[in-house]
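To keep things clear, I will list the structure first and then write my remarks on it.
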Amino acid sequence: MKPIRRTTLALAAAGLLASSFAAVAQDIKPRLIRFGYGLNEQSNQGRATKLFAEQVEKLSGGKMKVRAVGAAALGPDTQMQQALIGGAQEMMVGSTATLVGITKEMALWDTPFLVNNVKEADALLDGPIGTKVINKLPEKGLVGLVYWENGFRNLTNSKRPVTKAEDFDGIKLRVMQNPVFLDTFKTLGANAVPLPFSELFSALETKTVDGQENPYNTILSSKFYEVQKYLSVTNHVYSPWIVLASKKWWDTLSKDEQNVLMQAAKTSRDFERKDTREEGAKALADLKGKGMQINELSAAEAGRMRDKLTKINATVAASVGMDLWNETQAELKKIRGG
Ligand code: TF8
């Protein structure tokens, strides 16, 4: 009787430990995780990656180590995505927009004016629609863990203040390597040129392109204010980032190891969104201080721009599928309390 009871107790204790997620007696091996990203270490992306690395190390009892490599030193988004698919790199964070060549449903997030504020963005990305889109990745060799905030995008250029759609005329504008963005800015009248982010600063500096569009945080952290005079507050689209893992590699991990990564990713997401929003709230004043000339759009011109861009909805719907498009609209209605 006695030995049996002792075994039972020991098993119960082990079960408790495992479920307490204390990195004790878990199935965790020493792992080195190469995690690539495109912005520099001093950016919101760099800070959140650092936090992710610390969390992974802590939750794994020091066994799993993240080697974070920023500034696109492992290549631009599209190159890293391929390295993940092939299993040559373990993890990355990057734009969802550069993923559409692999997973067409990601184009959903490129829809101009899809969400009105970050509350709607969080609810949509962390809810059933965001999950549905993330679930399209494994069949392509990728695992999506969480969405981070890149943010609402705004326009900068070195030629003139853009106060109305006509001002885009003759502006050579760098866009992400993504058909919806290309379409959006062609529709507004710009000469849109797709380029990887890693080539953007020098393209602006050499005037290969006149302008670009990114959230305030990135305009600040990537020092675009050094080569761009005008910033127009357009908030034309909310861009997420997505934390990705190589599926080939992910499938070799134990459940405990996957849990460590998932847990760390969620903590990094909450930190990143908060950090990005705090920095973003100050960034416009910082950019003004750096000498940028900032203009808002009048309500009438903002409305005209929105109207011009409604036709992009049909392009996105065709690419993500009518079902997903309609479900997204229904979900947004729910989120807005309608
Ligand atoms: C862009 C994006 C970039 C991201 C980043 C490199 O303009 O907004 O900020 O892709 O991960 O390319």
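Computed from heavy atoms alone, side chains included, the values below leave out hydrogens, waters and symmetry copies. First listed ligand is number 1; within each ligand, the first listed atom is number 1.
Between the side chain of Asn235 and the backbone N or O of Asn154, no donor-acceptor pair lies under 3.5 Å.
Under 3.5 Å, the side chains of Ser239 and Asn150 contain no donor-acceptor pair of N or O atoms. Side-chain N/O atoms of Gln258 and Asp256 include no donor and acceptor closer than 3.5 Å.
For Tyr37 and Trp241, the gap between ring centers reaches or exceeds 6.0 Å.
We find that Arg160 and Asp169 are not joined by a salt bridge, their nearest charged nitrogen and carboxylate oxygen being 4.0 Å or further apart.
At a heavy-atom cutoff of 4.0 Å, ligand 1 is surrounded by Gly38, Leu39, Gln45, Asp77, Gly94, Ser95, Asn150, Arg153, Arg174, Met176, Phe197, Asn214, Trp241.
Note on ring orientation: taking the six-membered ring where Trp is involved, the planes of Tyr238 and Phe152 are perpendicular (angle over 60°, cut-offs 30° and 60°).
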